[in-house]
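Have a look at the structure below before the remarks.
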Amino acid sequence: MFAAPTVWTVMVALLGVHLAGMGAFLTLPVLAPLIARELDLPPSLVGLHTGLVYAGALVSGPFTGLLLRRHGGIRVCQGALVLIGCGIALAVLGHPLALAASALLAGLGHGPVTPSGSHLLAGRVPPRQRSLIFSLKQCGVPAGSMLTAALAPAVGVAFGWRAGALTMAALALLAALALQPLRAALDADRDPTAAGGPAPPGATRWAASAWCGGTAGCGR
(Lines give C-alpha, C1' and ligand atoms only; values in the text may rest on other atoms or scores of the structure.)
Protein backbone atom coordinates (compact mmCIF):
# COMPACT_ATOMS: atom_id res chain seq x y z
CA MET A 1 0.00 0.00 0.00
CA PHE A 2 1.11 3.55 -0.74
CA ALA A 3 0.49 6.43 1.63
CA ALA A 4 -2.25 8.66 0.27
CA PRO A 5 -1.13 12.25 -0.40
CA THR A 6 -3.02 14.93 1.46
CA VAL A 7 -5.74 16.83 -0.32
CA TRP A 8 -3.49 19.89 -0.28
CA THR A 9 -0.75 17.98 -2.09
CA VAL A 10 -3.25 16.89 -4.72
CA MET A 11 -4.54 20.44 -5.07
CA VAL A 12 -1.03 21.85 -5.55
CA ALA A 13 -0.26 19.17 -8.15
CA LEU A 14 -3.42 20.00 -10.08
CA LEU A 15 -2.65 23.69 -9.79
CA GLY A 16 0.59 22.90 -11.62
CA VAL A 17 -1.26 20.89 -14.25
CA HIS A 18 -3.51 23.83 -15.05
CA LEU A 19 -0.60 26.24 -14.93
CA ALA A 20 1.43 24.28 -17.49
CA GLY A 21 -1.60 23.26 -19.52
CA MET A 22 -2.65 26.80 -20.37
CA GLY A 23 0.27 26.93 -22.78
CA ALA A 24 -1.94 24.98 -25.17
CA PHE A 25 -4.13 28.04 -25.68
CA LEU A 26 -1.74 30.95 -25.33
CA THR A 27 1.79 30.02 -26.41
CA LEU A 28 1.33 30.61 -30.14
CA PRO A 29 -1.07 33.56 -29.77
CA VAL A 30 1.39 35.51 -27.60
CA LEU A 31 4.16 34.67 -30.07
CA ALA A 32 1.96 35.53 -33.07
CA PRO A 33 3.68 38.83 -34.00
CA LEU A 34 7.05 37.06 -34.22
CA ILE A 35 5.62 34.07 -36.07
CA ALA A 36 3.66 36.22 -38.51
CA ARG A 37 6.70 38.31 -39.29
CA GLU A 38 8.90 35.32 -40.08
CA LEU A 39 6.35 33.19 -41.93
CA ASP A 40 4.55 36.08 -43.64
CA LEU A 41 1.19 35.08 -42.21
CA PRO A 42 -1.65 37.42 -41.20
CA PRO A 43 -1.81 37.86 -37.40
CA SER A 44 -5.57 37.46 -37.62
CA LEU A 45 -5.02 33.69 -37.90
CA VAL A 46 -4.54 33.70 -34.12
CA GLY A 47 -8.31 33.34 -33.85
CA LEU A 48 -8.20 30.21 -36.01
CA HIS A 49 -5.54 28.75 -33.72
CA THR A 50 -7.76 29.24 -30.67
CA GLY A 51 -10.69 27.65 -32.48
CA LEU A 52 -8.61 24.60 -33.41
CA VAL A 53 -7.44 24.17 -29.81
CA TYR A 54 -11.03 24.13 -28.62
CA ALA A 55 -11.95 21.74 -31.44
CA GLY A 56 -9.31 19.31 -30.23
CA ALA A 57 -10.59 19.61 -26.66
CA LEU A 58 -14.12 18.88 -27.85
CA VAL A 59 -12.91 15.66 -29.47
CA SER A 60 -10.96 14.30 -26.49
CA GLY A 61 -13.26 15.46 -23.70
CA PRO A 62 -15.97 12.79 -24.14
CA PHE A 63 -13.40 9.99 -23.86
CA THR A 64 -12.08 11.18 -20.52
CA GLY A 65 -14.42 9.00 -18.45
CA LEU A 66 -13.14 5.78 -20.00
CA LEU A 67 -9.54 6.95 -19.77
CA LEU A 68 -9.96 7.72 -16.08
CA ARG A 69 -11.36 4.26 -15.35
CA ARG A 70 -8.60 2.50 -17.24
CA HIS A 71 -5.58 4.58 -16.32
CA GLY A 72 -6.46 6.80 -13.34
CA GLY A 73 -6.52 10.56 -12.93
CA ILE A 74 -2.77 11.11 -12.58
CA ARG A 75 -1.88 9.10 -15.67
CA VAL A 76 -4.54 10.92 -17.68
CA CYS A 77 -3.15 14.27 -16.51
CA GLN A 78 0.33 13.12 -17.49
CA GLY A 79 -0.83 12.02 -20.92
CA ALA A 80 -2.68 15.30 -21.38
CA LEU A 81 0.44 17.32 -20.56
CA VAL A 82 2.58 15.22 -22.89
CA LEU A 83 0.14 15.84 -25.74
CA ILE A 84 0.09 19.55 -24.93
CA GLY A 85 3.89 19.70 -24.86
CA CYS A 86 4.24 17.76 -28.12
CA GLY A 87 1.56 19.89 -29.71
CA ILE A 88 3.28 23.14 -28.82
CA ALA A 89 6.65 21.76 -29.96
CA LEU A 90 5.19 20.74 -33.32
CA ALA A 91 4.73 24.41 -34.17
CA VAL A 92 8.48 24.95 -34.47
CA LEU A 93 8.40 23.26 -37.87
CA GLY A 94 7.18 26.65 -39.05
CA HIS A 95 4.75 25.43 -41.72
CA PRO A 96 1.11 26.60 -41.67
CA LEU A 97 -0.07 23.00 -41.59
CA ALA A 98 2.24 22.31 -38.66
CA LEU A 99 0.76 25.30 -36.82
CA ALA A 100 -2.74 23.94 -37.39
CA ALA A 101 -1.75 20.43 -36.30
CA SER A 102 -0.03 21.95 -33.27
CA ALA A 103 -3.27 23.61 -32.16
CA LEU A 104 -5.33 20.44 -32.65
CA LEU A 105 -2.87 18.21 -30.81
CA ALA A 106 -2.53 20.63 -27.90
CA GLY A 107 -6.33 20.86 -27.75
CA LEU A 108 -6.65 17.07 -27.67
CA GLY A 109 -4.36 17.13 -24.67
CA HIS A 110 -6.23 19.89 -22.90
CA GLY A 111 -9.66 18.26 -23.13
CA PRO A 112 -9.17 15.82 -20.21
CA VAL A 113 -7.41 18.26 -17.86
CA THR A 114 -10.37 19.68 -15.92
CA PRO A 115 -12.42 16.45 -15.53
CA SER A 116 -9.29 14.55 -14.47
CA GLY A 117 -8.60 17.07 -11.75
CA SER A 118 -12.20 16.92 -10.61
CA HIS A 119 -12.01 13.13 -10.47
CA LEU A 120 -8.89 13.23 -8.30
CA LEU A 121 -10.33 15.76 -5.86
CA ALA A 122 -13.99 14.73 -5.68
CA GLY A 123 -13.67 11.95 -3.13
CA ARG A 124 -10.86 13.54 -1.14
CA VAL A 125 -12.07 17.05 -0.33
CA PRO A 126 -14.01 17.47 2.94
CA PRO A 127 -17.32 19.23 2.25
CA ARG A 128 -16.38 22.23 4.40
CA GLN A 129 -13.21 22.78 2.32
CA ARG A 130 -14.69 22.05 -1.09
CA SER A 131 -15.16 25.65 -2.22
CA LEU A 132 -11.67 26.67 -1.14
CA ILE A 133 -9.83 23.65 -2.60
CA PHE A 134 -11.56 23.73 -5.97
CA SER A 135 -11.13 27.49 -6.22
CA LEU A 136 -7.42 27.30 -5.44
CA LYS A 137 -6.91 24.47 -7.93
CA GLN A 138 -8.64 26.46 -10.63
CA CYS A 139 -6.35 29.42 -9.95
CA GLY A 140 -3.90 27.56 -12.15
CA VAL A 141 -5.85 28.79 -15.19
CA PRO A 142 -5.22 32.54 -14.73
CA ALA A 143 -1.79 31.82 -13.24
CA GLY A 144 -0.91 29.74 -16.29
CA SER A 145 -2.16 32.48 -18.56
CA MET A 146 0.02 35.00 -16.75
CA LEU A 147 3.05 32.72 -16.93
CA THR A 148 2.65 32.02 -20.64
CA ALA A 149 2.01 35.68 -21.46
CA ALA A 150 5.15 36.73 -19.58
CA LEU A 151 7.59 33.92 -20.34
CA ALA A 152 6.97 32.92 -23.95
CA PRO A 153 7.34 36.42 -25.47
CA ALA A 154 10.36 37.21 -23.31
CA VAL A 155 12.15 34.08 -24.51
CA GLY A 156 10.85 34.63 -28.04
CA VAL A 157 12.23 38.16 -28.28
CA ALA A 158 15.59 37.09 -26.84
CA PHE A 159 16.11 33.80 -28.69
CA GLY A 160 13.43 33.52 -31.36
CA TRP A 161 9.82 32.38 -31.31
CA ARG A 162 10.78 28.73 -31.63
CA ALA A 163 12.70 28.96 -28.37
CA GLY A 164 9.64 30.51 -26.74
CA ALA A 165 7.44 27.68 -27.95
CA LEU A 166 9.91 25.00 -26.87
CA THR A 167 10.17 26.60 -23.43
CA MET A 168 6.43 26.23 -22.87
CA ALA A 169 6.49 22.71 -24.33
CA ALA A 170 9.25 21.76 -21.91
CA LEU A 171 7.25 23.21 -19.01
CA ALA A 172 4.32 20.92 -19.85
CA LEU A 173 6.56 17.86 -20.12
CA LEU A 174 8.32 18.65 -16.83
CA ALA A 175 4.94 19.04 -15.12
CA ALA A 176 3.95 15.59 -16.40
CA LEU A 177 7.15 14.11 -15.00
CA ALA A 178 6.65 15.84 -11.65
CA LEU A 179 3.31 14.04 -11.19
CA GLN A 180 4.87 10.57 -11.29
CA PRO A 181 5.50 10.21 -7.51
CA LEU A 182 1.73 10.60 -6.95
CA ARG A 183 0.69 8.01 -9.46
CA ALA A 184 0.80 4.80 -7.41
CA ALA A 185 -1.32 6.15 -4.57
CA LEU A 186 -3.82 8.26 -6.52
CA ASP A 187 -4.39 5.83 -9.39
CA ALA A 188 -4.84 2.77 -7.20
CA ASP A 189 -8.55 2.64 -8.13
CA ARG A 190 -7.94 2.27 -11.87
CA ASP A 191 -9.28 -0.74 -13.77
CA PRO A 192 -7.16 -1.55 -16.87
CA THR A 193 -9.93 -3.84 -18.18
CA ALA A 194 -12.67 -1.18 -18.02
CA ALA A 195 -14.87 -0.85 -21.08
CA GLY A 196 -17.06 2.00 -22.25
CA GLY A 197 -19.99 3.28 -20.23
CA PRO A 198 -20.99 6.19 -18.04
CA ALA A 199 -18.21 8.43 -16.79
CA PRO A 200 -17.09 7.91 -13.18
CA PRO A 201 -19.09 9.94 -10.65
CA GLY A 202 -16.09 12.04 -9.66
CA ALA A 203 -15.48 13.10 -13.25
CA THR A 204 -19.04 14.15 -13.92
CA ARG A 205 -20.45 15.34 -10.61
CA TRP A 206 -17.69 17.83 -9.95
CA ALA A 207 -16.76 18.89 -13.50
CA ALA A 208 -18.98 21.95 -13.17
CA SER A 209 -17.53 22.57 -9.73
CA ALA A 210 -14.05 22.80 -11.21
CA TRP A 211 -15.12 25.36 -13.78
CA CYS A 212 -17.04 27.59 -11.38
CA GLY A 213 -14.49 27.49 -8.58
CA GLY A 214 -16.12 24.80 -6.44
CA THR A 215 -18.93 26.86 -4.95
CA ALA A 216 -20.97 25.04 -2.36
CA GLY A 217 -23.92 24.22 -4.59
CA CYS A 218 -22.03 23.78 -7.82
CA GLY A 219 -21.99 20.32 -9.36
CA ARG A 220 -24.76 18.94 -7.13
Side-chain angles (χ1 to χ4, degrees), residues 1-26 53-54 57-58 60-81 83-84 107 109-148 171-172 175-191 194 196-220:
M1 293 292 292
F2 296 89
T6 68
V7 68
W8 292 100
T9 300
V10 178
M11 184 275 293
V12 170
L14 295 174
L15 183 69
V17 171
H18 279 289
L19 190 149
M22 285 306 294
F25 290 97
L26 295 176
V53 174
Y54 276 109
L58 284 172
S60 62
F63 296 97
T64 302
L66 176 58
L67 292 173
L68 289 171
R69 287 195 298 280
R70 285 186 176 178
H71 305 291
I74 289 294
R75 183 64 87 217
V76 173
C77 284
Q78 289 178 305
L81 289 169
L83 283 178
I84 289 170
H110 202 276
V113 167
T114 293
S116 298
S118 300
H119 169 77
L120 288 166
L121 283 176
R124 296 178 171 88
V125 182
R128 62 187 177 83
Q129 294 182 325
R130 188 170 295 145
S131 297
L132 175 63
I133 295 293
F134 271 92
S135 297
L136 289 174
K137 185 266 290 187
Q138 207 64 19
C139 284
V141 173
S145 301
M146 292 169 60
L147 177 66
T148 305
L171 180 64
L177 183 63
L179 292 175
Q180 185 58 31
L182 300 176
R183 208 260 166 153
L186 296 184
D187 287 353
D189 60 347
R190 67 188 183 279
D191 178 8
T204 54
R205 183 179 179 187
W206 301 114
S209 180
W211 281 111
C212 71
T215 55
C218 188
R220 292 179 183 244

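Nothing fancy with the numbering, it's 1 onward along the sequence. As the structure is a prediction and not an experimental result, all values here were calculated from the model.
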Please report the interatomic distance [atom1]([X]) to [atom2]([Y]), rounded to the nearest 0.5 Å.
X	Y	atom1	atom2	answer
D187	I74	CG	CD1	6.0 Å
I133	Q138	CD1	CD	13.0 Å
R70	F63	CZ	CZ	11.0 Å
L179	L81	CG	CG	6.5 Å
L68	S116	CG	OG	4.5 Å
R124	H119	CZ	NE2	7.0 Å

For residues [X] and [Y], report the shortest heavy-atom separation together with the two atoms involved.
X	Y	answer
A176	Q78	O-NE2, 3.0 Å
L14	G117	CD1-O, 3.5 Å
R190	G72	CB-N, 3.8 Å
L120	C77	CD1-SG, 4.3 Å
V76	P112	CG1-CB, 3.7 Å
P5	L186	CD-CD2, 3.7 Å

Could you pull out all residues at least two apart from [X] that satisfy side-chain contact (heavy atoms from CB on, under 4.5 Å)?
X	result
L19	A143, L147, L171
A57	none
L83	L105
A80	V113

**Study point:** V10/L121 under side chain to side chain contact (heavy atoms under 4.5 Å, CB included): CA gap, chis, key distance, verdict
**Key:** CA-CA 7 Å; V10 178; L121 283 176; 3.7 Å; yes

Practice item. Under the salt bridge (charged side-chain N to carboxylate O under 4.0 Å, His left out) rule, collect the residues that match up with R75, sequence neighbours excluded. Key: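 Applying salt bridge (charged side-chain N to carboxylate O under 4.0 Å, His left out) to R75 gives none.
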
Practice item. Please check if the side chain of T148 supplies one atom and the backbone of S145 the other of a donor-acceptor pair under 3.5 Å. Key: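 Between the backbone of S145 and the side chain of T148 there is no qualifying donor-acceptor contact (under 3.5 Å).
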
**Study point:** For Y54, all residues meeting ring-ring contact (aromatic ring centres under 6.0 Å, His included), sequence neighbours excluded
**Key:**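 Testing Y54 for ring-ring contact (aromatic ring centres under 6.0 Å, His included), a comparison that skips the adjacent residues, returns F25.
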
